[in-house]
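First up is the structure itself, then whatever we jot down about it.
Below, each value reflects all heavy atoms present in this structure, side chains not excepted, and no hydrogens, waters or symmetry copies. Just so it is clear, the model here is predicted, and its values are computed rather than measured.
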Amino acid sequence: ILDGDVDPEWIESLNTVMDDNKVLTLVSQERIPMTGSMRLILEVSNLRSATPATVSRGGVLFINDADIGWKPFFDSWLSKYKKAGTMGAYHDMAENVFTLCLTTYVSDAFLDDLRHKNHIAPVVELGHIDTLTTIIDQLCTDLKGNKKSHEFLKRLKEDNKEEEIKSIYEGFFLFAGMWAFGASLDEDKNSFSNAWKSIAKIKFPEVGMCFDYYYDIQEGWLHWDTKVAPFNKEYDGLYINIIVPTADTTRQAFLLDLHVRAKKGMIYVGTAGTGKSIIIKNYFNNLDPESVITQSISMNSYTDSQAL
């Protein structure tokens, strides 16, 4: 499988391989026959650089992302909640709640309105859904791994309070959804917050935007101020390295840690001086050096692969 654009310089060398005889001819005139079971797949974004000789030697399958959409990905992700024991004892409730939440909160009209909003960086719809599922998965994993939360769920189950358990999963969906669909917004973030708060069945506090709150399984929506760690007054390092914890830094560190533990990439976008590097470096400095190795690289227009 060759993933990338077709380079006319090297694709001509594969013409003999793509013929019926399936023989690779090297510059040294060495001929390497391919076995009958071998197949060559080129995954490309376009055929601008491909020659007629190359195109005529293989079948072309055009896949449009609009035709497939993101629903097969979501259905595939949701299927793991159907498997007993995969996500804990309450997986069946989670599956039903997430399916209902998708219909309620992520409608075609909602996505169409999202396309017309101003984003800091362009994000494809599948990217939104991938972030949604990543955050939900990690929240459910933390719910399963936290002893206090697990015992709380167990008591709800013993008391037959299934509606409260369903509300927890819906709260996870709302929290994940507001970051998955609203994090990349710029000027329209306030209007998105108002719309998200208006359709949420688990009501947000009226003060502030939805991004100002996180979901607690026992207390509901709580302001990030309640999660801010106290400032270390005994810090004796350099003055330039002093970081005073705030609701914003706590929120950013939580989301960064969530994606790191989920082994998912994350990109920070913003103008100079907004604290991107400070938050990331502070998070890395608090990681266990025995299990995580970090490296900071400054790049510019002259940075090439050899420099990296």
Under 3.5 Å, is there a donor-acceptor pair between the side chain of [X] and the main chain of [Y]?
X: Lys117; Y: Asp186; answer: no
X: His128; Y: Ala180; answer: yes
X: Ser198; Y: Ala195; answer: yes
X: Asp130; Y: Leu126; answer: no

Could you tell me how the ring of [X] sits relative to the ring of [Y]: parallel (under 30°), tilted (30 to 60°) or perpendicular (over 60°)?
X: Phe192; Y: Phe110; result: tilted
X: Phe181; Y: Trp196; result: tilted
X: Phe172; Y: Tyr215; result: perpendicular
X: Phe175; Y: Trp224; result: tilted

How many angstroms lie between [atom1] in [X] and [atom2] in [Y], if you round to the nearest 0.5 Å?
X: Glu164; Y: Phe152; atom1: CD; atom2: CZ; value: 6.5 Å
X: Leu258; Y: Lys264; atom1: CG; atom2: NZ; value: 11.5 Å
X: Asn160; Y: Ile165; atom1: CG; atom2: CD1; value: 9.0 Å

Exercise for the section: Dump the intermediate steps for ring-ring contact (aromatic ring centres under 6.0 Å, His included) on Phe98 and Trp77, then the final yes or no. Expected result: CA-CA 11 Å; Phe98 294 152; Trp77 166 78; 5.7 Å; yes
